[in-house]
Number of protein chains: 2
Amino acid sequence: MAKTHPVIVVIEDDPPIRRFLRTSLATHNFAVFEAETGKQGLIEAGVRKPDLLILDLGLPDMDGVEVIKSVRGWSAMPIIVLSARSNEQQKIDALDAGADDYLTKPFGFGELLARIRVALRHASRPAEHTQDEVFIVDALKVDLRNRVVSVDGNEIHLTPIQYRLLCVLIKHAGKVLTHQQILKEVWGPSYQENPHYLRIYMSQLRQKLESDPTQPKYLLTESGVGYRFKVG
Amino acid sequence: MAKTHPVIVVIEDDPPIRRFLRTSLATHNFAVFEAETGKQGLIEAGVRKPDLLILDLGLPDMDGVEVIKSVRGWSAMPIIVLSARSNEQQKIDALDAGADDYLTKPFGFGELLARIRVALRHASRPAEHTQDEVFIVDALKVDLRNRVVSVDGNEIHLTPIQYRLLCVLIKHAGKVLTHQQILKEVWGPSYQENPHYLRIYMSQLRQKLESDPTQPKYLLTESGVGYRFKVG
DNA sequence: AAGAATTTTTACGACATTTTTACCCACCAA
DNA sequence: TTGGTGGGTAAAAATGTCGTAAAAATTCTT
């Protein structure tokens, strides 16, 4: 897949600031999606799976810290908090809830951009995992850096969901993952009641990756529990 | 493994601030090492290999941004910058050079601590796997984290109830558990009147785990009372 | 706005697990 | 002996879970 623009979700109730962020970020080659309220924002974050979340703490419908905690329940995406109030305790609460950075209004847009770059740098560079960037078992090879999957050297095309599912499984290779855990990581928190998707995509992955899909060597079913990627 | 204190190197030329940081951080259980100049700081960082670097930009001997770049040449350790100047361009330069955060003096110490926690959180992402609970008795191995059971290295497939039953037994290994206790933990409070299930599943477990199911080494019957998992 | 790729919905046969039912043994007391 | 108790194993029946194909709806590209 071609190098696509980073996706940012902005949760901000104040229309002028929202407009400002949207246009400014767009001109710097970010794909921006917006939400006015905390609830909307959570949905948007779950659906868009952004590379970064920008969150205003002063929302009308729910506490910003609750939004952060809720997102952290299923994702480690970078969160940058904006706030009009410079109360120190509030900063601490937001950061401890899982926010990665905190800017007090008014802030310079250049600084925001720099802090966005920092956040994206963090997310894209789990530097310790450099050696695990390419996952190989027998004939199966998953190149996480380039997002290329191959079997016996033949490149296999995977759809976004198929690929994400495979990534989740090999990230926890050897471990049995429950349906809910997988659904949460792949589809987001709102899809936790649909183990059916899982069976369908698991089947598709087996067709593409296993030499005998009816008797999988890697993508194992743990009936009544979930799935696991077998290693060793 | 003893939980060791995070190591922090502070590069700061102003003695009062340095003293303040040293004592304050020390009381929050950090191991603090100090340097007065950029050159000293680079050496200190290289020798101590800290979990975090705190850097004042206004050093006498070299530009703070150069210090950052130099560290980034060989390490991805978190760097938090402190600065008296709130010039935006300087912030941007420092962040783009590789700093992870930037605080303008005067700052609240609580906020600094919170931002330190954020930075350490980033650095130790893969530390979720700290809780490895693996029970091993002779050839039997129960990996609770991965939900995998093996005998002599051969994986054994257990159904949900079989697995739950085994977990209950090894959780209270050595103790005698009554039928009722086990039924309650495995099937839930409403099934307490069916010791028969227990015999069936206990038999299945023995078939799968014991080398001689008719004379079990681990899954022992306490006649008239219940069962127990024998250890030692 | 049309066409391709992908995701979601729908449907149904196959499979695995749990529960029920049945029969076995060993032991002890009447 | 006979009958009762506590326990073990092996099968059926019932239930719940999985896998696959294909159609419908959506999203992405052009």
Side-chain angles (χ1 to χ4, degrees), chain A residues 1-5 7 31 33 43-44 46-50 147 149 156-166 168-169 176-180 182-183 185-188 190-210 212-228, chain B residues 147 149 156-166 176-180 182-183 186-188 190-210 212-228:
Chain A
M1 182 180 286
K3 186 188 157 190
T4 177
H5 296 167
V7 176
F33 298 93
I43 295 171
E44 200 70 14
V47 173
R48 303 294 180 184
K49 308 225 167 33
R147 199 205 174 282
V149 179
I156 305 281
H157 171 75
L158 295 184
T159 72
I161 288 193
Q162 287 166 4
Y163 181 73
R164 230 181 301 153
L165 175 56
L166 179 60
V168 169
L169 288 168
V176 177
L177 297 171
T178 66
H179 302 124
Q180 293 211 351
I182 301 174
L183 284 164
E185 281 213 56
V186 176
W187 275 267
S190 38
Y191 286 76
Q192 290 186 44
E193 297 304 322
N194 219 335
H196 210 71
Y197 289 10
L198 221 44
R199 297 194 199 106
I200 294 164
Y201 280 91
M202 201 57 71
S203 168
Q204 293 171 358
L205 275 185
R206 281 172 181 152
Q207 308 276 349
K208 289 185 174 182
L209 304 180
E210 296 274 5
D212 180 359
T214 60
Q215 279 186 273
K217 284 171 65 186
Y218 312 114
L219 303 164
L220 303 190
T221 302
E222 298 286 338
S223 195
V225 185
Y227 295 90
R228 83 178 216 268
Chain B
R147 199 203 175 279
V149 179
I156 306 285
H157 174 76
L158 296 184
T159 72
I161 289 192
Q162 287 165 5
Y163 181 74
R164 237 179 300 154
L165 174 55
L166 179 60
V176 179
L177 296 171
T178 66
H179 301 128
Q180 294 209 352
I182 301 174
L183 284 164
V186 176
W187 275 267
S190 41
Y191 283 75
Q192 292 187 42
E193 300 303 323
N194 217 335
H196 205 69
Y197 288 10
L198 221 45
R199 298 198 195 101
I200 295 167
Y201 280 94
M202 202 56 72
S203 166
Q204 292 171 357
L205 274 185
R206 282 171 180 155
Q207 309 276 348
K208 289 185 174 181
L209 304 181
E210 297 275 5
D212 181 0
T214 60
Q215 281 187 278
K217 285 171 64 184
Y218 312 114
L219 303 164
L220 303 190
T221 302
E222 296 288 338
S223 197
V225 187
Y227 295 90
R228 82 175 217 268

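Convention: sequence-line order gives letters A, B, ...; per-chain numbering from 1.
- Two residues are said to be in side-chain contact when any heavy atoms from C-beta on lie closer than 4.5 Å; Y227(B) and L198(B) meet this criterion.
- Listed candidates were dT20(C), dG8(D), dG19(D). Nearest to the side chain of T221(B) is dG8(D).
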Let me see the working for E210(B) and K217(B) under salt bridge (charged side-chain N to carboxylate O under 4.0 Å, His left out), right down to the final yes or no. CA-CA 7 Å; E210(B) 297 275 5; K217(B) 285 171 64 184; over 6 Å; no
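- Base pairing in DNA chain D gives the following stems of 3 or more Watson-Crick or G-U pairs, range against range and under 3.5 Å: C:1-16 with D:15-30, C:19-30 with D:1-12.
- Base engagement by I200(A) is indicated by at least one non-hydrogen atom pair under 4.0 Å involving a base atom.
- With dC18(D), dG8(D), dT17(C) as the choices, the nucleotide that has an atom nearest any side-chain atom of H196(B) turns out to be dG8(D).
- Among the heavy atoms of the strands lying under 4.0 Å from Q207(B) are primed sugar atoms or P, OP1, OP2 only; no base atom is included.
- L198(A) places its CG atom 16 Å from the C1' atom of dT9(C), with the value rounded to the nearest Å.
- With hydrogens and angles disregarded, no donor-acceptor distance shorter than 3.5 Å links the side chain of Q215(A) to the backbone of D212(A).
- Note on ring orientation: taking the six-membered ring where Trp is involved, the planes of Y197(A) and W187(A) are tilted (angle from 30° to 60°).
- In this structure, CZ of R164(A) is placed 12 Å from C1' of dT6(C), rounded to the nearest angstrom.
- No donor-acceptor distance shorter than 3.5 angstrom exists from the side chain of R147(B) to the backbone of V176(A), with no hydrogens or angles considered.
- Rounded to whole Å, atom P of dT18(C) lies 14 Å from atom CG of N194(B).
- When heavy atoms are screened at a 4.0 angstrom cut-off, T214(B) is found touching no nucleic acid atom at all.
- Atom CG in L165(B) sits about 15 Å away from atom C1' in dT17(C), given to the nearest Å.
- Listed candidates were dG8(D), dT18(C), dT9(C). Nearest to the side chain of Y227(B) is dG8(D).
- With contacts defined as side-chain heavy-atom distances shorter than 4.5 Å, the pair K49(A)/V7(A) does not qualify.
- Relative to the side chain of S223(B), the nucleotides dG19(D), dT17(C), dG7(D) differ in distance, and dG7(D) lies closest.
- Q204(B) has its CD atom 10 Å from the C1' atom of dA10(D), to the nearest Å.
- With values rounded to the nearest 0.5 angstrom, N194(A) atom CG is found 9.0 Å from R199(A) atom CZ.
- Here Y201(A) does not reach the OP1 or OP2 of dT6(C): none of its side-chain N or O atoms lies under 4.0 Å away.
- In the model, T221(A) has a side-chain atom that pairs as donor or acceptor with a side-chain atom of R206(A) under 3.5 Å.
- Listed nucleotides dT17(C), dT17(D), dG8(D) differ in distance to T159(B); the shortest reach to its side chain belongs to dT17(C).
- Closest to the side chain of I161(A), out of dT9(C), dT9(D), dT7(C), is dT7(C).
- For the pair E222(A) CD and dC18(D) P, the interatomic distance rounds to 10 Å; values are reported in whole Å.
- Using a 4.0 Å heavy-atom distance criterion, P195(A) is classed as making no nucleic acid contact.
- In this structure, CD of E193(A) is placed 12 Å from P of dT17(D), rounded to the nearest angstrom.
- Side-chain N/O atoms of W187(B) include one lying less than 4.0 angstrom from OP1 or OP2 on dT19(C).
- The distance from atom NE2 of H157(B) to atom P of dA16(C) is 9 Å, rounded to the nearest whole Å.
- Distances shown here put every side-chain N or O of R199(B) at or beyond 4.0 Å from the OP1 or OP2 atom of dG6(D).
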